[in-house]
Structures are given as structure tokens and as C-alpha cells.
*Asks:* 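After the C-alpha cells below, expect a handful of questions from me.
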Amino acid sequence: MRTMMHEEIIFSGFGGQGVLFAGQLLAYCVLTEGRHVTWIPSYGPEMRGGTANCTVVVSDEPIGSPMSQHPSVAVVFNNPSLEKYEAPLKPGGLLVVNESLIVAPPTRTDIEIVILPATTLATELGDTRMTNMILFGALLSRRPLVSVATVEHILIEKLGARQAHLQETNLRALAHGLELGAAQHA
Amino acid sequence: MRTMMHEEIIFSGFGGQGVLFAGQLLAYCVLTEGRHVTWIPSYGPEMRGGTANCTVVVSDEPIGSPMSQHPSVAVVFNNPSLEKYEAPLKPGGLLVVNESLIVAPPTRTDIEIVILPATTLATELGDTRMTNMILFGALLSRRPLVSVATVEHILIEKLGARQAHLQETNLRALAHGLELGAAQHA
Amino acid sequence: MAAELMKGNVALAEAAIRAGVEAYFGYPITPQTELLEHMAKRMPELGRAFVQAESELAAINMVYGAACTGARAMTSSSSPGISLMQEGFSYIAGSEVPCVVVDIMRGGPGLGNIQPSQSDYFQVTRSAGHGDYHAIVLAPSSVQEAIDLMVEAFDLADEYRHLVFVVADGLIGQMMEPAELPPMQPLRRPLGDWALTGADGREKNIITSLELNAPDLEELNNRLQAKLAHIREHQQRSAEMLTEDARLIVVGYGTSGRIAETAVKQARREGMKVGLFRPISLWPFPEKRLSALADQVGAFLVVEMNAGQMLDDVRLAAGGQVPVTFYGRTGGMVPMPEEIHQEIVTQYNKLTTSAV
Amino acid sequence: MAAELMKGNVALAEAAIRAGVEAYFGYPITPQTELLEHMAKRMPELGRAFVQAESELAAINMVYGAACTGARAMTSSSSPGISLMQEGFSYIAGSEVPCVVVDIMRGGPGLGNIQPSQSDYFQVTRSAGHGDYHAIVLAPSSVQEAIDLMVEAFDLADEYRHLVFVVADGLIGQMMEPAELPPMQPLRRPLGDWALTGADGREKNIITSLELNAPDLEELNNRLQAKLAHIREHQQRSAEMLTEDARLIVVGYGTSGRIAETAVKQARREGMKVGLFRPISLWPFPEKRLSALADQVGAFLVVEMNAGQMLDDVRLAAGGQVPVTFYGRTGGMVPMPEEIHQEIVTQYNKLTTSAV
Amino acid sequence: MAIAAIAEEKIVYQRPESLEDISTHYCPGCTHGIAHRLLAEVLDELGVRERTIGISPVGCSVFAYKYINTDGAEAAHGRAPAMATGIKRVMPDRVVFTYQGDGDLAAIGIAEIIHAATRGENFTTIFINNAIYGMTGGQMAPTTLPGQRTTSSPLGRDVELAGFPIRMAELLSSAPGAAYVARRSLHNVKEINRAKKAIKTAFEVQLAGLGFSMVELLSACPTGWKLTPPEAMDWIEQQMVPVYPLGDYKVAEGVEQLAKRR
Amino acid sequence: MAIAAIAEEKIVYQRPESLEDISTHYCPGCTHGIAHRLLAEVLDELGVRERTIGISPVGCSVFAYKYINTDGAEAAHGRAPAMATGIKRVMPDRVVFTYQGDGDLAAIGIAEIIHAATRGENFTTIFINNAIYGMTGGQMAPTTLPGQRTTSSPLGRDVELAGFPIRMAELLSSAPGAAYVARRSLHNVKEINRAKKAIKTAFEVQLAGLGFSMVELLSACPTGWKLTPPEAMDWIEQQMVPVYPLGDYKVAEGVEQLAKRR
Amino acid sequence: MAKGRIEINENHCKGCSLCTIACPQNVIAMATDRVNAKGYYPAVLVDPEGKCTGCAICAVACPDVCITVYRQVSAKASSAAAAR
Amino acid sequence: MAKGRIEINENHCKGCSLCTIACPQNVIAMATDRVNAKGYYPAVLVDPEGKCTGCAICAVACPDVCITVYRQVSAKASSAAAAR
Ligand SMILES: Cc1ncc(C[n+]2csc(CCOP(=O)(O)OP(=O)(O)O)c2C)c(N)n1
Ligand SMILES: Cc1ncc(C[n+]2csc(CCOP(=O)(O)OP(=O)(O)O)c2C)c(N)n1
Ligand code: SF4
Ligand code: SF4
Ligand code: SF4
Ligand code: SF4
Ligand code: SF4
Ligand code: SF4
Ligand SMILES: [Mg+2]
Ligand SMILES: [Mg+2]
């Protein structure tokens, strides 16, 4: 029902995979670039069993609902998330999948799919926690919601002094994701 | 604002003086004689310090308010009760006073007053608890709300087997009160 | 069985016993304590359950538990105690368990006092606690009606598996009036296949108000709302006096309705066309009958022992067709027939003059 | 100070701190717990009082105590916890002590779930607890407005020595949005000569809601009602969008108002003369403005995340002049702009056809 | 406070300043009056009246704030400890006490008192154990003795159905945050004097910031018990004391010294 | 329950009948699962499943009624003992238990559990002490250890401000109405087996009508503690057990015999 | 033996008689001839032989703080404390 | 030495690894090659030499009741009880 730019992005996976952080990172970037943005996590006992997800809405106009029934983008970090969000994704939407933790690949044909073994790649990069940055990169490669420069800048800011040592790996993970995401395009 | 028979009677004194019983006795008698009647006690912390009072409304028509701002009769068993109920009594109303436990006699001239040393008389009768029956008798001598026969009958019924031994003294106290009440008339 | 003199609180208790209440849980509070005291005496005699709970909170949750087994269970309290039961009420309504609660209202807010009041009207009729629902609320205006509605309350609770209030005030609770009690009903249990009695030879039963999944909880709420709509359609109760040709109708429930009756009669004697409309079910509010009357009268005068709560319901039912004025006393003050009569005269004159 | 991304619950907590709250007492409950957690971190840092109470009951009474000293004090909870505070609210209102309470509403009745809801509307606007009173109730629809109203809540509480609610739902409590915080205010105490600080060189002060004597309690209630009348006169708040020429006005507060905004804009794009009226103060309800609008529009469409509660207030304000229809979701379901838009179309068509 | 009234006389006893010179609403022989007086005398002797805030309960002593000449508030039934917590947390330098009956403290308010004690809230509680709900007309309290007749245990408290009396002093003494917990009685002059000493210690504990302090006072309710005042005093001694032994149940270290200091 | 699966094999362990064969919502390594299993095994062994009614709390175990294969109800936060009282009073021949967390039982519900124990209500309580509020995301509980970091005690529980841990087994053992009160732990197989024996005794106490029975179980919340499941087990052993000593705190006479009878 | 006397605030007195029992010298009695404004028979000092020692025991026993106790200065102040 | 084996319900398994620690024979390991539907790496019996004794200790340790334990009938039933 809309004319102007409006995207609804869901990040979903286990707690500890940096799912919420990925969503917040996007939100901060959008804020810096001056668009309207909302971020909302799933909350409460759903979290039992360790699953976590959040929705980021990016829009050119004030945002009514921060929640989404039919997201335009879903970044799924594990199998339950894939099972949960493949179906509701809106036709033509983008599905970013962490191949490392799924049982069977997505089956929908009316959506755009990027699938990469993020956890394995992260482990190769020497830090499993980089899974989220790799998937984030892949997302950006297909939906340039914000500029890579903004992302790098905010990422460094958010890591801050205490986690400065993680800067480099994070940036490499991000780049890696961008690459692979773009590559699959061709 | 009324045409037909309607009386609002207050009994007031210490707990233990049989104040509430006197009121209930009247109510039971009215019920037997087939008029409308309500009985309501003062309740709650007012009782602290041992004061007790109740209001009986007797009427030919269904009773709206069981409470009374301006009673037509007040039977006061002690000094605080006298202080509390002399003033609100409606002009032409009846005030029955237990002379034994008051500090100063009532002063109003626009009401009918019966004053008798009920507690002293009761003690003479051999039972201080007869105070209420003496005052009840005095009340009846001026306001024949119910027949003496009914009162005697109900009184015996209410005393029941367990207090049968008190029947006689109660009846004598009642008679005594009727007498003295009538006597003061002349 | 002939009429006997009975105190409202005692009459309510004994009526509940005759209606087959199997379990009473309560906590003392003036002006309803005689109800608890009567239960303390009678229930053990009859081999039924009586517990003086440590608080109203515990009491309502004991009632909730006992009612889960299909037993007729109840508690009673007064305003502050009713406030403490709000969460429990909401759980009971949400899990659709039949319970009966007596509220003998007293002056508020806060500790207030123990004198008669009707200031819990909002608290009991709107939603007693959080969440979307209305309890059934019955308001007697005499000791006899208290007895009759007490019995009815249990039947309604069972019929709808819902929370039912019988609300009165210190005046009705404390006064003695001639009244007749119903015969003793036999206990009947379990009332429904939903009750918790042990999963012996059947699937297990669960009683809960929890539905983490929003669509499921909305489902539950739709069911609840459908039930409430049915109740609203079929359970509106009210009494009337001299309304046929009335130009001014006084609207009052419970004690204020009772006292208004005296005032209305007096007004009639003085030739004023005045009637009385007395809601007996406060929820569902007798809106059907009241809006019918709205077509016929010149004005409504609402009388309550509060600052104007049922007033909203009368205005909603009157739908802006006729003026609705209000006369109220608060803080435990009980209006005298004279005051109400005075107010009737004032409002009635407005009508006639405006008519001229 | 530039806008930063903030979670609603955290924004509310930090705003209260900036407003000079000296004491926070609370008990965890989803979806408001981040508010308590932020207080747990910040209040000790600032040398202010933080206690995780043993229950909501204890929490509200701790707030009552702290507020008696003139300190700005608050608690926060969600629906079931709010039910447990009812008695405390009534005491606070009755003894006229300024307190602020945040209610992040969730699905009910009973345990229900933790999803966003607006089903406490009755509970907070009618009389939160027994007795005659209304609390001031403010309902933000964005994180920024939550911050602004939080500060305002403390000022109103102090100005009127009254209980003030800030009510939102899980959605506003949990979401992050860009918003700006106010500067830190200095603490100011004692606020009034009524406060309990020790009777040093003055008569002793007493804070109580007890008046055993009915005329005195009525006196207290008259004072309270006069205060409420003044608030009702001066503190009605609302926001509007595209109402000037609107034939249909959607009425919604908080989250449902916010979501309705999207739907209304869409309807406008499609050429429908539709507007939005968003009550910000739920009590006092912005009835003045709404009844003014009633003269101008063809109909109102009330949208709530409950089974229809504010609906009563809209109907009362509209006074039967124009039809008032309702669209609601319950059980923690949040309406999507599409649904509301659909409902707008339906109602708008009715209007235009009926107009023909 | 011994000021000579006339030349050759001195006053050896007169009403304490912290007690308003008005008549109370209590029944004849009700020991709430004695407890009030002792409390007031202690406040006088410690010279803290001007910085004391008292919390009255819901119960017959609901009007304690009228009688005690300090700032005061009226709590909801059982919630006095929560209110006291709120006050003390924002005004740690004030002296705060709660005055509570056994229905108030041991029934509806047991959660609040236990948690206040557990947190070691630094206020003082005067706990009036009269084994009954006085104000509401003599119902069973958690402290009612086995077999004791009340209006809600007409045949006497049946421990099978209504449970056993709760001993609050014993219960609260187990809370680490409690610094001083003692039980005294008001049934005769000797015990009354002992009770006063304990109350004084309790407030000294608060002044020293040692934590929660409570004095439980076995108290008479002639009206609720349906006894004359003298009978009521005997009933405390013969019936209550055996079930509620007098003594100190918790004396945290640091408290001894205080007592000695006197 | 040893039925041969295939000719030369027999099953020596399988899921108890009183436990539904569904996956729980608990986090990996959460010992709520173990507690459920032990409870179910005891109901099986006593053969009372068909006449048992269980009360679930508000807490992570809010869905216990889904997992335990008996009639069940969901109580308001902390009120399970009141509900159980209501049920047991009208159905004394049924087996009734409450399953409660430490926030539920020791914080908001402490009044209800103490009074149920004091009245000697004849039901059984399984008390899961995991030193935290699990469901709401890891806030401080009354049982949280001194210095323990939680989301509401970010610098660690400061006993000066937040008080000391409450020891419920000790506290409730003082209630005359309590017949059996024990504390066990679930941190290793040996303790798990001991825990089961205690749970069995508790239910036998109820079946014998001896009064209130409770087993407190030291339990792991890896998520709330931010530890791996194995780390969490060690944390119980090293941190919790010293503060919450294991053992029997109340064994009323009559109970010994029951144990022997086995 | 110290000499003393007491003054009883008759209006506060509720006639509970506890002082009469407490007094070691038995010099307090309940009035029988008159009631106070509350309607109670108040306690009165009946001490023709001046046996009152000013020990203040009655004052300590009185629930309604009706009694003020005086003692002739000769008496040791210490015993006053004792009475407290 | 008794001979036994276990069956692990992989779909209930949450990969907490407590069974692997509990097993005295060290014949349980966590899968690394695959995750279950929940996305967890499940526990698996790795017992080429048939060291499992069917002692059921793993089953007792498992919070999710994933493990069924079998033992060859030769084994004494008593030890089964012991494991309970
Ligand atoms: C919430 C609530 N419940 C009940 C009451 C009624 N009530 C007033 S005082 C009281 C008990 C008083 O007993 P206790 O605390 O022992 O004090 P006492 O009168 O014996 O000194 C009760 C139940 C109330 N006011 N508020
Ligand atoms: C009246 C009320 N207050 C608060 C809550 C929120 N709440 C849900 S569970 C819980 C505490 C759970 O902790 P615990 O009892 O220890 O159980 P656990 O999750 O640790 O097993 C709270 C505070 C609620 N649902 N209801
Ligand atoms: S009822 Fe009992 S406690 Fe209350 S004032 Fe009278 S004697 Fe004292
Ligand atoms: S949060 Fe803790 S208690 Fe709750 S399920 Fe997870 S591990 Fe278990
Ligand atoms: S002071 Fe002592 S001697 Fe004198 S009256 Fe009092 S008690 Fe008796
Ligand atoms: S003790 Fe006090 S109240 Fe009682 S009789 Fe003596 S003076 Fe009067
Ligand atoms: S049964 Fe015993 S040996 Fe076999 S896997 Fe389990 S723990 Fe290991
Ligand atoms: S203990 Fe159970 S849940 Fe944990 S890894 Fe082993 S089988 Fe899986
Ligand atoms: Mg008491
Ligand atoms: Mg816990």
C-alpha cells in the first residue's frame, strides 16, 4: 500500500549469535543517514530455548507499526528461524540464510535467496561470533539500505574502546559477506 | 413528610447493657404484629470504648431508610448517649433517660421526657442487666408501639430455655418500667 | 416457612449455604464480617469447607482453586478487600471458572470508613482487574432480595462459568429485616467435565488463563466476548415503580434505590408524575429497558451513594435523548428520603417550567 | 543533544531520572522489566533509592511511603501487577500524595500473555481501586512522547498531589526509536509543607485516607471531586491530524493511534476525507475537543487493542450525535495499518452511500 | 523530666511529651494505651520526637497517629513495613517506626514484614500481639491460641483446620537482616517496665543503623476476649506467655554494647 | 516398568508415563526438566497420576501443566499454595501439588506458602531454587547469592541494600503444620537420585495425611546465570550448596516410619 | 517511707480498675457515687492516712495515662527512675 | 560387565552435553556434522567397542528426557533400580 521507500527486515537466530546487535547496527546506521527507523525484538518466554529475533523497519515516512506480518527481508541464523520466516516473507522479498545451521534449504521460488555457510566461514575467520557480520554483509550486498561506509563507521563506534580489538575481524567479516552476497548474484 | 404511622426509635448505651437486644425485641414484636420494621446497629470502631446503639424503624408502609437523622424516640442508657441524642430528637419526640448513669439531666423543653434511675432500680431487682427492660417498659408506657402481651410473649420466646430462669425478673423489670413511665405522666 | 428477622450479612451467608456453597474462604472486614462469622459457624457443622484466609488475596485464590474442582465456592469482602482481589478476579474470568463474590461496599477512597457506600460501581462493573471482561453484578435493595439474588448468583455463575458479584452496602449488610430463606439445596458435583477431579479414565483437564501466542489469546477473548454478549442480551434485570406515565424517572440501585422509593411515593402523593427505575443487574446494565423509557420521559435523575458512576451507564443508555441529572452522597453518607424528594421537586419543576 | 536510538522502557526510566525521581520501587514483569533494570543500574549510581520489592503490592506501598516525604517516587509494572496495586492506588488518591506509575499493558485477562495490549483502559481510567476518584492517565504513542509525558507526569502529580499514570504497551516499551532526552533536573524537596519530614519546629503532619466520620469523609471526597473537576477542566490533551475537513475521524491512542496514522494517510492518498484524533490524556478524556468535532463529522471509528473500552468515552463525548463504530484486536494482537485502512474504507463507504 | 510542681513536691510521673493529651478511643483496660505510652516515653528519653515518623496500621490502633505526637501516616492493612521502607530509604536520618497488630503483621502483612527484616531495613516495629482481631470484632488471628474461642472460631481454634499460632518473634529472628527481635508482655508493672527497656533498645538499634528491630508485646483485648481488664491480664500471664515465651530472640552483635552504653 | 524391547534386551530407563512425550520450552541444561521427570517418576511409582491435581506457577515452569500428565491449573504469581488449599479442602482424597520457583514462592508468594504450611495444608510443594528470576530474564530473586550479578543487581547483590538470601526450607521448617521439609540439589546424578527419594517421601507424607510437605531443589538456570550447562552444575555445587545446605529440615514424627515402610 | 500523692484525670479514666489492683498501698478505689462524662465510674485516691508513697506503680499500670504522681522532695529521685 | 546401549531422541535433545559428562564409559559425544530441527548439535552414542553398560546414568542426567536405556537380559535387574 506504499509508494515511497519502506523496508521491513527481520533478523532471527539463537541468543548469542548477535542477532539483536545486527538489527540495532542497521537501525543506528539508518538513524545516522536520517531516515525513519524502528527496532523491536521478540521478547519474553519465546526467548526460552534461546531463540531471539528482531524487526527493523526503515522508511521515508513516520513509521506506524514497528512489527511486520510480511517482512521484505529476513536474515535467518538457524534452522528454526528459517522454518519460521521463509513462508511469511513477501513475494520478491530477500531471504539471507546461514547454511551452517539449517537442515534443508529454502524452497520458495518467488523470493530472492542468498545462502552462505556463515558460521563455518566465521570459524575460519577465527571467531564464530562473526556470523552476524557476514550475514549482515550479504544483506547489504542485495539491499543497500545504508552505505557500507556508514556501517563501518557505526560498527567501530559501537564496538568502542573495550572491544576495539574486534574491529578488524568484524570489518573483514562484513566485507566477506558483501563479497559472497554479490558473488551469488552473478 | 408522612401521613401514616411511622416511628424512628434509637436505643443507645454501653455494650453489655442490652441495648441491641432491646431494639431487637421491639423489632420482633412489630414483626409479629405485622407492621413493617427495620433494625440497624451502629457498627465498627464506634464500638471501641464500648458504646453501642441501634435504630428501629416501625412503619405502616415499606421502609426506605432504616437509619434516622431525627428520631422520634430515643432511649439513652448512659451519659454519652444522652449527649449524643438529645439534640437531634425531633420536636415532640420522646426521650427515655437512665438517670443512674448521667451527669446532668436533659434540658430540651420541646420534647417529652421520661427519666428514671433504671440501673439502680435494676440492681434493686437483683440484676443490673434488667436496666434495658425497665427502660423498655418506660418507652412502652408512652409509645404503645406494640402490645405488652406481645412483648411478654416474644421476651419469653427469645430468652428461651437456656435463660428461662431470667423470665420472671425480666417481666417484673418490664412491668416496673411501664408503671414508672406511666406514673411520671401524671 | 414464615418470614423471620435477619441481618443482611447473615441472610446472604445462609442463602449461599442453602444454594449449596461447598467452600467459603474469606478475611474479616467491616461491614461484611457477620457473613464470614456465620460461615465459620455453619460450614463446619455441615462438613463443608471454611477457611479464614491470611488475606483477601489468598481468599480469592482459594476460591479459584476450590471452584476449579466444580464445587460452588465463594468469598465476601468490602471495598479495600475487593481491590486486593482484582488480579484473582481477572484470572477467574480468563479461565472461565464459576465463582461468586459478595462486596458489601464502604466509604472510600483508601481506608475511608466503614459506612455504607456504592463507590465500587466502576470497580465491579467495568473490569474487575486487568484484561477485557465484565463480571455479572447483582445489586439487592432489601434483605429478601439479597437472599434471592445470592441463590441466583450461583446459578448464573455455573450457567456461564463466570464470575458473579452480589454487591450491597453496609446498610443492607448490617440491617435486620423480615425475610424468608429458600429450602436447602443438595450439593451437586462435579458440575462440568471441565472440572479438575483427577484424570481418571479421561484426558487430563487444564484450567488456565495463559495463552502466550497472541492469536490463541485473541481466540480466547473472542470466546469470552461472545459469552458476555449473550449475557448482555439475556440477563438484564431491573425493577420499576410508577413509570408508566412518569415524566421524571429516578434511577437508583440497592440502598439508594430503596430510599428513593420513599421519596418517589411522596412526590406522587404531591401529584408529581415521577417514577422509579431500579437496576438489579448492574452488569449487564438494563440498558434495553432504560432506553425504551428514554423515549417516554422528560428526564432521568440518577441517585447514587458515590460521585456519579452508574451515571455513565444511564447516559449511555439514554443516548443523549433526554437530560440526565445526578444526586449523590459520598464518604459513607446515606441520602435521606427528604433530600431525594427535594431534588425530585427541583428537577420536576425544571421539566414543567421548560415545558411551558 | 541529538536524537539517539532508545528502547521505550529505558527512555521512560531515564526520563524519570532526568525529571528528578528520587525513589523507584518495582517488581519485574514483562514487558516493562527493562525499566526496572535501568533503574537498578542508574539509581544507585546517582545515590538515589532503588528497591526491588518482594511484590507489586509492596512496591506501590513503598512508593506511597517515599512520596509521603515529598520525594518524587514511582513504580512501573504491567497489567497483572497493576491489578495488585489497586488498593495502594486508592490509598494514595485518598490521602492526596503525588505518585507516578507506569503501566506497560499486556494481553489479558488473567496471566494472558506478554504481547502489547490496551485492555487496562478501564482499570486505570475509571477508578484504579475502590472509592470515588480518577487518576490522571497519559498515553504516549512514540518513544519521544513517552519521554515528554514521563516528565510531565511528575509535574502534574506534584501540582495536584495526585496519582498519575503513564500507560503504554509492550510495543512502545520494547521498541527502539530515535528520541531526545531532557536535561537532568535538580532534586527539590520537601515539595510541600504537608510532607512527612519530622515535626521539627512545626505542628505534626499526618497523611491518611481515614475518616471514620461520614460527614468528614464526604468533605474529603468533595475536596477530591473539586480537584478532579479542575483537572478535567484544564488538563485535557489530544493530538489531531487531517481533522479539519474530515467526514470520518479515527479515534485511537498510543500504539493503535500511531498505527491508525499510517492507515489514515493512506486513505487520504486515496482521496477519502478521513482524519485522526489521538487522545493523549485518557483521563481526563479530551471530551471537549471530541464533542466539538462531533458537530462536524459524519462518524467516528474507534480503534483500540481491546474489546472496546475507550469506546464508552467516545460515545459519551459524541453524545449520540453521530454513529461511533469500533475496530479492536485483543489478546496481544496488534492491528496492522492494512486492517485499519480496510475498516476505514468500509465505514467511509457507509457514510458516502448513506449521504446519497 | 522531674520538674517540681509545688515547693516541697516533685512530679515523679506525668504524661510524656510525645503523647498527645487526649483521651483514646480504646476500650477500658486495653493495653494499646500502655504500648503507646511506653513508645512515647522512649521517644522523649531519646529526644527524637522531632525527627520521628510513625506508621499506623489498620487495626484498633489505626489512630495511633492521633495519639503519638510525631509526624505520621496511615498504612494500608499489613503494608506498614513497605511504607516504612519507602520513607526510610529516602530519609535515612529520620527515625521511623511501624506500630502493628497481629492480624496486620502476621496475617495479611507477613510478606512485607519478613522481607523488610530480610533486607535489614533500618526501622523499628512495635508488634501488638493480642491473639485476636480487635477492631473487626474479635475474629481469630494467626496468633489466636489453640482452642481459643473467637467470633470466627466459635468452638475454639481447631488446629486441624485453622492451624497453629504463628510465633513472629521466633520467625523473624531467623532473618539475617534483623538486628534486634524481642518479646515482652504488658500484663503487669514488672513486665511493662521490661517492655519499655526493650523498646528503647530497639530504637537505639535503629539510631545506630544496625538494621531491623522489633519488639513483640503480648497485649490485652478485654473486649475481644470477653473478659474484665483484670481477668485479661491474668489470661495473658496464664494462657499467652506459655505459648509465646518472653525473651530476646535476636541480638545481633553490636546490640549488646548499645545496652551497656546506657 | 521393565518391558522387554527386543528378545534379549530389556528397557532399564524410559520416559515416565506421567510425563507427556513432548519437547519442553526450557533452555538447554535447564534442570526444570529434571525436576519434572523426577516428579513424574514418583507419581508413576505411587500410582496416583489419575487422582493428582498439579498447580503450575508463574515462572519458566508456567507450562508444567503441559508437561506433567495430570489434571492441572495455572495459578497467579505466588498464589499456588492458596489454590492448592482451595482444591485440597474440597477434595481431600486427591493428591495435590504445587510446583513453584523462588521468585514465585519466596518473594511475591511468601505469605501464601507460610500460611499454608502453618495451617498444615495437606499438599506437596516442589520448590525450584535457581537463585534468579528466570522467566523475566534473570533478575535478582530473594534467593540470589550475595554478590551475584543479575540484571537487577548489575554490580552483584549488595546485602546492605538488597538484603540477604532467604532460606525457605529453614524458614518453613519452623511451621508446626509442616510435616516434611527437605532441601536437595540437581547438580549431579547422585544428588538427583537423592532428590527423587525426598520427593517420594513428600508425596507419601501427603498420602498419609501428615500435613504440609516441601522439597526445595537447588536448580540450574544456565541462561540467567550466563553459564554453559556444565558450568552451571559446578556453580550449584560450589556456590549454592554452601549457602543452602542440603538435608532434611523438618521430619515430623510419623514420617520416619513411612520411609522405613519402603 | 516516702510520702506521695496522685492526681487522676477523671475524664480520661475508663474505670478499668487496673490501678486499684496495682497499688501496693491499696489507696485507690473506684467511685460508686458518680460517673464521668464517658459514663464510667472513675478511679479515686482514697488515702486518709497518707499511705501513698508516690511509687508511681499505678501510673505505670494505667492504660489511659490518667495518673500524675507527686512525691515530697525528701524522696530520692532515683526511685522515680526506678518507677519508669 | 553388563552390556547395554542407549537411544537418544535427537529431536528432544538440546545439546546441553550433560550426558556426555555424566557417562562413566565416555561413549556419548556431541554431533558436529549436523544440527536437529531445533538447530542444536545433538548428542550421539559413539560406542564402537560396546562399552556401554546400560547403567542409565546418562538418562538420569538428561534434563530433556531424551535417552532410553536398554540392557541385555543377562544383566541383573537390580542395577536398573540402582540407577533410579
Ligand atoms: C484490606 C483490608 N482487609 C481487611 C480490613 C479490615 N480490618 C480492619 S482491622 C483488621 C484486623 C485488626 O486486627 P489486628 O491487626 O490484630 O489489630 P487489633 O485490632 O487486634 O489491634 C481487619 C481485618 C481492612 N481494613 N483492609
Ligand atoms: C503479578 C505478577 N508479577 C510479575 C509477573 C512477572 N513474572 C513472571 S515469572 C516471574 C518470576 C519468575 O521467577 P521464579 O519464580 O524464580 O521462576 P523461574 O523462572 O526462575 O523458574 C515474574 C516476576 C507476573 N507474571 N505476575
Ligand atoms: S477491641 Fe480490643 S484491642 Fe480493640 S480497643 Fe478494644 S480492647 Fe483494645
Ligand atoms: S531461563 Fe533459566 S530457568 Fe528459565 S528455562 Fe532458561 S534456564 Fe531454565
Ligand atoms: S503512687 Fe504508688 S502508692 Fe501511690 S497510689 Fe500510685 S501505686 Fe499507690
Ligand atoms: S487504671 Fe487508669 S483508666 Fe483504669 S481505672 Fe485506673 S485511672 Fe482509670
Ligand atoms: S547407559 Fe551408562 S554407559 Fe551407557 S551411555 Fe548411558 S551412562 Fe554411558
Ligand atoms: S543431556 Fe539430554 S539434552 Fe543434553 S545433550 Fe544429552 S541428550 Fe541432549
Ligand atoms: Mg490483634
Ligand atoms: Mg527462579
Side-chain angles (χ1 to χ4, degrees), chain B residues 1-6 8-11 19-48 52-72 88 90 146 150 154-155 157-158 160, chain C residues 2-9 28-34 78 104 106-107 111-116 141-144 170-179 241 252 255-267 269-270 276 303 332-342 345:
Chain B
M1 72 187 246
R2 253 187 218 63
T3 50
M4 33 186 82
M5 139 27 139
H6 181 94
E8 302 175 354
I9 305 106
I10 280 186
F11 297 84
V19 174
L20 302 186
F21 177 78
Q24 289 184 3
L25 177 63
L26 174 58
Y28 281 112
C29 295
V30 175
L31 172 62
T32 348
E33 296 192 354
R35 281 220 183 90
H36 293 281
V37 64
T38 60
W39 172 96
I40 188 166
S42 67
Y43 56 90
E46 293 168 17
M47 286 159 52
R48 300 291 147 272
N53 70 63
C54 63
T55 304
V56 177
V57 179
V58 181
S59 181
D60 286 337
E61 67 173 20
I63 297 161
S65 173
M67 309 205 312
S68 176
Q69 266 175 325
H70 301 291
S72 53
K90 77 153 61 110
V146 289
T150 311
I154 297 291
L155 186 54
E157 181 182 310
K158 290 293 156 201
Chain C
E4 31 179 328
L5 265 189
M6 257 178 297
K7 199 172 217 209
N9 285 334
I29 182 168
T30 315
Q32 67 82 45
T33 303
E34 297 79 7
S78 180
I104 305 298
R106 55 188 254 179
L111 186 49
N113 64 19
I114 58 179
Q115 303 311 317
S141 69
S142 70
V143 172
Q144 184 63 61
L171 192 130
I172 289 170
Q174 293 295 324
M175 76 189 282
M176 283 180 122
E177 248 185 343
M241 184 186 75
T255 293
S256 38
R258 166 196 188 109
I259 296 175
E261 185 170 331
T262 311
V264 167
K265 283 191 195 140
Q266 178 61 18
R269 288 197 202 91
E270 298 163 6
L276 174 71
V303 179
M333 290 302 289
V334 178
M336 286 290 139
E338 295 76 2
E339 314 167 36
I340 300 177
H341 173 261
Q342 190 42 54
V345 173

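A, B, ... follow the sequence lines: proteins, then strands. Residue 1 opens every chain. Worth saying up front: this structure is predicted, and the values here are computed from it rather than measured.
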*Asks:* For a quick test of reading the model, state the closest non-hydrogen atom pair linking C/Leu171 to B/Pro66 and the distance between them.
*Replies:* CD2-CG, 3.4 Å
*Asks:* Mind checking the CD-SG spacing from C/Gln174 to B/Cys54? Nearest 0.5 Å is all I need.
*Replies:* 12.0 Å
*Asks:* How close do C/Ala3 and B/Leu31 get, heavy atom to heavy atom, and via which atoms?
*Replies:* O-CD2, 4.1 Å
*Asks:* Find the distance between CD (C/Glu4) and OH (B/Tyr28) and round it off to the nearest 0.5 Å.
*Replies:* 8.0 Å
*Asks:* Who passes side-chain contact (heavy atoms from CB on, under 4.5 Å) against B/Val57, sequence neighbours left out?
*Replies:* B/His6, B/Glu8, B/Thr38, B/Thr55, B/Ile63
*Asks:* Once rounded to the nearest 0.5 Å, what's the spacing between atom CE of C/Met336 and atom NE2 of B/His70?
*Replies:* 9.0 Å
*Asks:* So how far is it from C/Lys265 NZ to B/Glu61 CD, rounded to the nearest 0.5 Å?
*Replies:* 5.0 Å
*Asks:* Of C/Lys7, C/Glu177, C/Met175, C/Met176, which is the lone residue that meets side-chain contact (heavy atoms from CB on, under 4.5 Å) with B/Ile40?
*Replies:* C/Met175
*Asks:* Calculate, to the nearest 0.5 Å, the distance between atoms OG and CZ belonging to B/Ser65 and C/Arg258 respectively.
*Replies:* 8.0 Å
*Asks:* Got a second to check how far C/Glu339's CD is from B/Gln69's CD, nearest 0.5 Å?
*Replies:* 6.0 Å
*Asks:* So B/Gln24 and C/Leu5, do their side chains get closer than 4.5 Å, heavy atoms only?
*Replies:* no
